[in-house]
Amino acid sequence: MRYWLLKSEPDVFGFADLKKRPHQTEPWNGIRNYQARNFMRDEMQVGDLGLFYHSNATPPGIAGIIRISRAAYPDDLQFDPQSDYYDPKSSPENPRWLMVDVTLEAEFSSFITLEQMRADPRLADLLILRRGNRLSITPVAARDFKYLCKLGGLKNR
DNA sequence: GCCAACGTTGGC
DNA sequence: GCCAACGTTGGC
């Protein structure tokens, strides 16, 4: 079992939107970066847990945790010419982009801000805090995940 | 809106 | 396969 951090812009799709979805489940689509795609394809498994990070937000930070509920499969937006995520070089026979399904696992009672994380020396290894990191899906060490859950107000994670 | 830091593209 | 130009990300 692995742990991840997944970024989303709450103006587009935030934790509050996930709460309202049927079965609190949603395809994590629109990933158009090879490294992030490869994480989904090669390393993500059903049951893995992820931190739901709000980027381009006020404030940016982590709202809660999600569970990977379906393994990687083709992102349908890549075939839709009307979509911002359309990729004319991809085809259903040979899809280039993948998505996973995520399901709400728990909401943090205390939102963890980016500022709070930057100020915490225990989180020095968190990839999201490294200079220039823009990857929308990053692996998280188990101890960091558990520590963040504690900061977020969840017990026994 | 700025801009640093990346990733991608495409000519050669 | 190099690398300049361009596009994107995302905090501030």
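The basis for the numbers below is simple: all heavy atoms, side chains too, and nothing from hydrogens, waters or symmetry mates. Chain naming here is simple, since letters A, B, ... match the order of the sequence lines and numbering starts at 1 in each.
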Tabulate protein N/O versus nucleotide N/O from nucleotides 9-12 of chain C, keeping only pairs under 3.5 Å, one per line.
unit_1, atom_1, unit_2, atom_2, d
C:dG10, OP1, A:Lys7, NZ, 2.5
C:dG10, OP1, A:Arg134, O, 3.0
C:dG11, OP1, A:Tyr53, OH, 2.6
C:dG11, OP2, A:Asn56, N, 2.9

Using whole Å, what does the distance between atom P of nucleotide C:dG7 and atom CG of A:Asp87 come to?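 Going from CG in A:Asp87 over to P in C:dG7 covers 17 Å.
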To the nearest Å, how far apart are A:Asp84 CG and C:dG7 C1'?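 Roughly 14 Å, once rounded to whole Å.
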Identify each donor-acceptor pair in which a side-chain atom of residues 52-61 of chain A lies under 3.5 Å from a protein atom, sequence neighbours left out, and give them as a table.
unit_1, atom_1, unit_2, atom_2, d
A:His54, NE2, A:Phe15, N, 3.0
A:Asn56, ND2, A:Glu9, OE2, 3.3

Between protein and nucleotides 4-6 of chain C, what N or O pairs are separated by less than 3.5 Å?
none

Under the salt bridge (charged side-chain N to carboxylate O under 4.0 Å, His left out) definition, can you give me all pairs with a residue in residues 113-122 of chain A, not counting sequence neighbours?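 Residue pairs with at least one partner in residues 113-122 of chain A: there are none.
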Sequence neighbours excluded - salt bridge (charged side-chain N to carboxylate O under 4.0 Å, His left out) pairs with any residue from residues 84-95 of chain A: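 For residues 84-95 of chain A, and leaving out neighbouring residues, the salt bridge (charged side-chain N to carboxylate O under 4.0 Å, His left out) pairs sorted by first residue read A:Asp87-A:Arg96.
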All side chain to side chain contact (heavy atoms under 4.5 Å, CB included) counterparts of A:Thr138, not counting sequence neighbours: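 Counting only residues at least two positions away or on another chain, A:Thr138 forms a side chain to side chain contact (heavy atoms under 4.5 Å, CB included) with A:Leu5, A:Leu127, A:Asn133, A:Leu135.
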How would you list, by chain and number, every residue that makes a side chain to side chain contact (heavy atoms under 4.5 Å, CB included) with A:Asn29, sequence neighbours excluded?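 Testing A:Asn29 for side chain to side chain contact (heavy atoms under 4.5 Å, CB included), a comparison that skips the adjacent residues, returns A:Asp75, A:Leu77, A:Met99.
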Residues clustering with A:Tyr34 (ILVMFWY side chains joined when closer than 4.5 Å, directly or via others):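 A:Tyr34 shares its hydrophobic cluster with A:Trp97.
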Taking ILVMFWY side chains as joined if any heavy atoms are under 4.5 angstrom apart, and letting links pass through other members, which residues group with A:Phe111?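 Answer for A:Phe111: none, a lone residue.
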Hey, are the side chains of A:Leu114 and A:Leu129 touching, using non-hydrogen atoms and a 4.5 Å cut-off?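 Yes - at least one pair of side-chain heavy atoms lies under 4.5 Å apart.
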